Protein chains: 2
Amino acid sequence: MPSDSKPVARLGQPVRGSRSGQPIMVLFDLLSRRWAMGILWNLAGTPRTFRDLQDRCGSASPSVLNTRLKELRSVGLIENTAAGYALTKTGRDLFAHLEPLGDWAMHWVPTLPPEATED
Amino acid sequence: MPSDSKPVARLGQPVRGSRSGQPIMVLFDLLSRRWAMGILWNLAGTPRTFRDLQDRCGSASPSVLNTRLKELRSVGLIENTAAGYALTKTGRDLFAHLEPLGDWAMHWVPTLPPEATED
DNA sequence: GCCTGTTGCTACTATTTTCGTAGCGTGCAA
DNA sequence: TTGCACGCTACGAAAATAGTAGCAACAGGC
């Protein structure tokens with residue numbers, strides 16, 4: 001199987017072409033796809049198998065998870081190793097910028113009105 | 001329906017329930033909605049009117065933009081002032097953590113294979 | 001006053017994305 | 001061999017977003 005030569009979701013191709021040309025919009029466009037940030041988050045520190053990732057992403061369906069993994073792989077943020085999916089050097093670099101959001105969220109979420117997060 | 005997959009998550013009105021309970025997932029869930037990050041980005045520094053925001057977000061349709069603005073307002077990240085929509089203190093705080101991504105993206109995007117960003 | 005244009009937004013349908021589940025092929029242990 | 005878990009694909013259904021039209025409110029200009 002040509003694992004990387006498939007027509008897999010171009011970053012802007014689908015219809016989600018949106019950016020105003022700024023690089024940040026390219027990144028936002030990628031990260032704002034479902035589960036993209038969650039995948040990066042869960043891959044930080046240790047490689048994970050497809051199943052493992054699926055479990056950790058709660059309700060991610062295998063089809064979307066697979067699509068997202070291909071996309072992230074096609075832009076070089078993750079790779080598929082013998083140990084499972086893992087962040088590449090670039091991916092770890094991006095994660096370093098994402099990580100502070102975790103701490104921020106930990107302080108922020110409890111301040112939300114219950115109806116906004118009601119779980 | 002299994003009791004562990006509740007109807008979750010009404011941040012605004014939609015039903016994108018997902019998180020695994022971790023605060024970061026609540027934040028990711030919010031930020032990964034279309035235009036959410038772009039709105040925060042464009043609101044940084046100066047308040048903007050609805051129209052202005054719409055222009056800057058390229059193809060954001062007014063209906064989605066309006067929905068997103070309501071959501072962001074309901075969690076206290078932005079507010080509607082006389083001068084237009086603006087980040088709240090909390091919003092500016094979050095933006096401070098988002099901003100480094102802009103620099104990172106500026107270096108990263110040019111390294112992408114053309115077919116990944118092809119517009 | 002009336003006309004014209006802009007802004008902020010809602011309503012509605014069309015299109016795209018994501019979900020949910022079934023199922024296939026491989027490997028592996030019983 | 002049977003059974004089972006994994007990695008993934010297929011496909012119809014549901015949800016989110018796009019795209020466009022349109023309305024009320026306001027600001028000139030006449």
Side-chain angles (χ1 to χ4, degrees), chain A residues 1-4 6-20 25 28-39 43 47-74 78-86, chain B residues 1-2 4-19 25 28-39 42-43 47-74 78-86:
Chain A
M1 179 180 95
S3 40
D4 274 314
K6 300 189 76 176
V8 182
R10 305 287 185 58
L11 254 189
Q13 248 359 312
V15 149
R16 266 199 134 167
S18 48
R19 42 304 243 303
S20 333
M25 289 307 166
F28 282 170
D29 192 36
L30 173 68
L31 293 184
S32 70
R33 292 173 187 212
R34 201 88 158 104
W35 302 118
M37 291 192 286
I39 289 171
L43 247 33
R48 296 192 186 283
T49 64
F50 189 93
R51 264 319 195 243
D52 199 358
L53 228 29
Q54 208 178 341
D55 292 343
R56 284 171 180 272
C57 286
S59 56
S61 64
S63 46
V64 179
L65 186 56
N66 190 40
T67 304
R68 215 56 65 217
L69 287 170
K70 280 180 184 168
E71 285 172 8
L72 292 174
R73 208 160 36 157
S74 82
I78 68 175
E79 57 190 344
N80 200 353
T81 70
Y85 290 97
Chain B
M1 188 180 249
D4 61 83
S5 52
K6 346 168 189 182
V8 210
R10 39 210 64 134
L11 265 173
Q13 41 255 192
V15 196
R16 232 185 171 180
S18 53
R19 41 301 245 302
M25 290 306 167
F28 282 170
D29 192 37
L30 174 67
L31 292 185
S32 70
R33 292 173 188 209
R34 199 84 159 109
W35 303 118
M37 290 193 286
I39 289 171
N42 281 299
L43 247 35
R48 296 194 185 282
T49 63
F50 189 94
R51 259 334 190 234
D52 199 358
L53 229 29
Q54 208 178 341
D55 292 343
R56 285 171 178 271
C57 286
S59 57
S61 62
S63 47
V64 179
L65 186 55
N66 190 43
T67 304
R68 215 56 63 213
L69 288 170
K70 278 181 184 166
E71 285 171 9
L72 292 174
R73 210 162 30 161
S74 82
I78 67 175
E79 58 189 344
N80 200 352
T81 69
Y85 289 96

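Being a predicted model, the structure only gives us computed values, none of them experimental. Below, chains carry the letters A, B, ... as their sequence lines are ordered, and counting in each starts from 1.
- Contact check, Asn80(A) against dC8(D): a side-chain N or O comes under 4.0 Å of OP1 or OP2.
- The distance between atom CG of Asp29(B) and atom P of dA15(D), rounded to the nearest whole Å, is 15 Å.
- Remark: P of dG8(C) and CD1 of Ile78(B) are 13 Å apart, rounded to the nearest angstrom.
- With DNA chain C read from its 5' end, the first of the two nearest nucleotides for Gly84(B) and Leu65(A) is the one closest to Gly84(B).
- Atom-to-atom, CD1 of Ile39(B) to C1' of dT17(D) comes out at 13 Å; the value is rounded to the nearest Å.
- Within 4.0 Å of Asp52(A), counting heavy atoms only, lies no atom of the nucleic acid at all.
- With a 4.5 Å cut-off on side-chain heavy atoms, Pro62(A) and Gln54(A) count as touching.
- Across all strands, Thr49(B) comes closer than 4.0 Å only to sugar-phosphate atoms, never to a base (heavy-atom distances).
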Practice prompt. Before giving the answer on salt bridge (charged side-chain N to carboxylate O under 4.0 Å, His left out), spell out for Arg51(B) and Asp55(B) the whole-Å C-alpha distance, their side-chain angles and the decisive distance to 0.1 Å.
Written response: CA-CA 6 Å; Arg51(B) 259 334 190 234; Asp55(B) 292 343; over 6 Å; no

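- Rounded to an integer number of Å, the gap from NZ of Lys70(B) to P of dG8(C) is 15 Å.
- Protein atom CH2 of Trp35(A) is 15 Å distant from nucleotide atom C1' of dA16(D), rounded to whole Å.
- Ion pairing between Glu79(B) and Arg73(B) fails under the 4.0 Å rule for side-chain N and carboxylate O.
- With rounding to whole Å, Gln54(A) atom CD is found 10 Å from dC8(D) atom P.
- Taking atom CG of Asp55(A) as the reference point, atom C1' of dA5(D) lies 12 Å away to the nearest angstrom.
- Going from atom CG of Leu69(A) over to atom C1' of dT18(C) covers 15 Å, rounded to whole Å.
- Contact annotation: Arg51(A) side-chain N/O to dC8(D) OP1/OP2 distance is not under 4.0 Å.
- Residue Arg33(B) places no side-chain N or O under 4.0 Å from the OP1 or OP2 atom of dA16(D).
- In this structure, the separation between OG on Ser74(B) and CG on Leu69(B) is 11.0 Å, given to the nearest 0.5 Å.
- At the phosphate of dT7(C), neither OP1 nor OP2 sits under 4.0 Å from any side-chain N or O atom of Tyr85(B).
- Inter-residue side-chain proximity for Val64(B) and Arg68(B) is flagged as met; some heavy-atom pair is nearer than 4.5 Å.
- One finds no side-chain N or O of Arg34(A) lying less than 4.0 angstrom from the OP1 or OP2 phosphate oxygen of dT17(C).
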